[in-house]
2 protein chains.
Amino acid sequence: MNIAKFSALTGLSSHTLRYYEKIGLLANISRDASGHRRYSSKDVEWVRFINRLKDTGMPLAEIRHYAELREAGDATFDNRCHLLERHRDALKLRLQREQEHLQALDAKIAYYQSHKP
Amino acid sequence: MNIAKFSALTGLSSHTLRYYEKIGLLANISRDASGHRRYSSKDVEWVRFINRLKDTGMPLAEIRHYAELREAGDATFDNRCHLLERHRDALKLRLQREQEHLQALDAKIAYYQSHKP
DNA sequence: CTAAAGGTTAGAGCATGCTCTAAGTCAAGC
DNA sequence: GCTTGACTTAGAGCATGCTCTAACCTTTAG
């Protein structure tokens, strides 16, 4: 598929997609005869996973690191797995903190509502 | 208290504290005879609340809006309450999404572990 | 008196993550 | 052949949120 369709499927603008390729998040995107990018459904999966990592707070530099390990093949299997585990643990912690924040916000709102001037 | 102690209590650097004052998050910080800032324990509470809003993803511009409402007194009570409610609702949604992300990560990690090459 | 420690200001600089622009290429339809 | 539209590139510009610098002022201890 071309960049427009890929953009629609991944939710990233074509500008952003080219940018991600430039910084090493997407490698080996194939080209058609006239030099236009042709994305595959595997690319869709990968960019959706990138979006997941991004949405859970992983910086692009670390995602690029993961991408490089992925490119390097099976030898980096454990390495990638540990990277994901560390990220998951950080996410768990963050979720706990955010639960606390949510409770505190609820309490503040309840206070506002019971103290209307 | 002086800026160094306040910095220690709030976890923000003195640079950041002056910056927050400049952009309107902190208003009416008092000064001593030689022009140095003197922070009160109310200021500690307020900055801790700012940190909470920040940690739950509220941009500084919106926190500044909340700060301005707060400065304006009781007339903005409802307004502030609604702002917090909207933020809480957004936070709830985000927590749900992050729970899903966490599950997906766990699944990916489980896959990695069951498919070691 | 002097030096050190801690504060002040305005404003420059930086990291991240886009977002857009300019100039050009290519393929399809009239 | 020419226009239109979607693509290409390198690189500039922007928004957010700090982070640091330079030059200067006070207070305190020796």
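Below, read A as the first sequence line, B as the second, and so on, with proteins coming before strands; counting in each chain starts at 1.
The nearest whole Å value for the distance from the CZ atom in Arg37(B) to the C1' atom in dT26(D) is 15 Å. When the C1' atom of dG6(C) is taken as reference, atom CZ of Phe6(B) falls 18 Å away, rounded to whole Å. The CD atom of Glu21(A) sits 12 Å away from the C1' atom of dT9(D) (whole-angstrom rounding). Per the geometry, NZ belonging to Lys5(A) stands 16 Å off P belonging to dA6(D), to the nearest Å. To the nearest angstrom, P of dG5(D) lies 16 Å from NE2 of His36(A). Asp32(B) has its CG atom 12 Å from the C1' atom of dC25(D), to the nearest Å. Nucleotide dT9(C) holds its C1' atom 12 Å from the CD1 atom of Ile3(B), rounded to whole Å.
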- Message: Output one letter per nucleotide in nucleotides 12-24 of chain C: B when a protein non-hydrogen atom lies under 4.0 Å from the base, S when only the sugar-phosphate is that close, - when neither is.
- Response: -----BBBBB---
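Contact check on Arg31(A) versus Glu21(A) returns a salt bridge, with a Lys/Arg side-chain nitrogen under 4.0 Å from an Asp/Glu carboxylate oxygen.
With dG7(C), dT9(C), dC7(D) as the candidates, the nucleotide lying closest to the side chain of Ala4(B) is dG7(C). Side chain of Ser34(A), nearest nucleotide from dC26(C), dT9(C), dT26(D): dC26(C).
Ring geometry for Tyr39(A) versus Phe6(A): interplanar angle under 30°, hence parallel rather than tilted (30 to 60°).
Using a 4.0 Å cut-off, no side-chain N or O of Asn2(A) falls inside it from OP1 or OP2 of dA6(D).
Taking each heavy atom of Leu12(A) and Ser7(A) in turn, the nearest pair found is O-OG, 2.6 Å. Of all non-hydrogen atoms in Gly73(A) and Arg80(A), the two that sit nearest each other are O-NH2, 2.9 Å.
Heavy atoms from other residues, nucleotides or ligands lying under 6.0 Å from NZ of Lys54(B) number more than 12. With a 6.0 Å radius and a threshold of 12 heavy atoms from other residues, nucleotides or ligands, Arg38(B) has its CZ atom above the threshold.
Nucleic acid contact class of Arg31(B) (heavy atoms, under 4.0 Å, all strands): sugar-phosphate only.
With Ile63(A) as the fixed residue, the side-chain contact (heavy atoms from CB on, under 4.5 Å) test singles out one of Ile23(A), Leu53(A), Asn51(A): Leu53(A).
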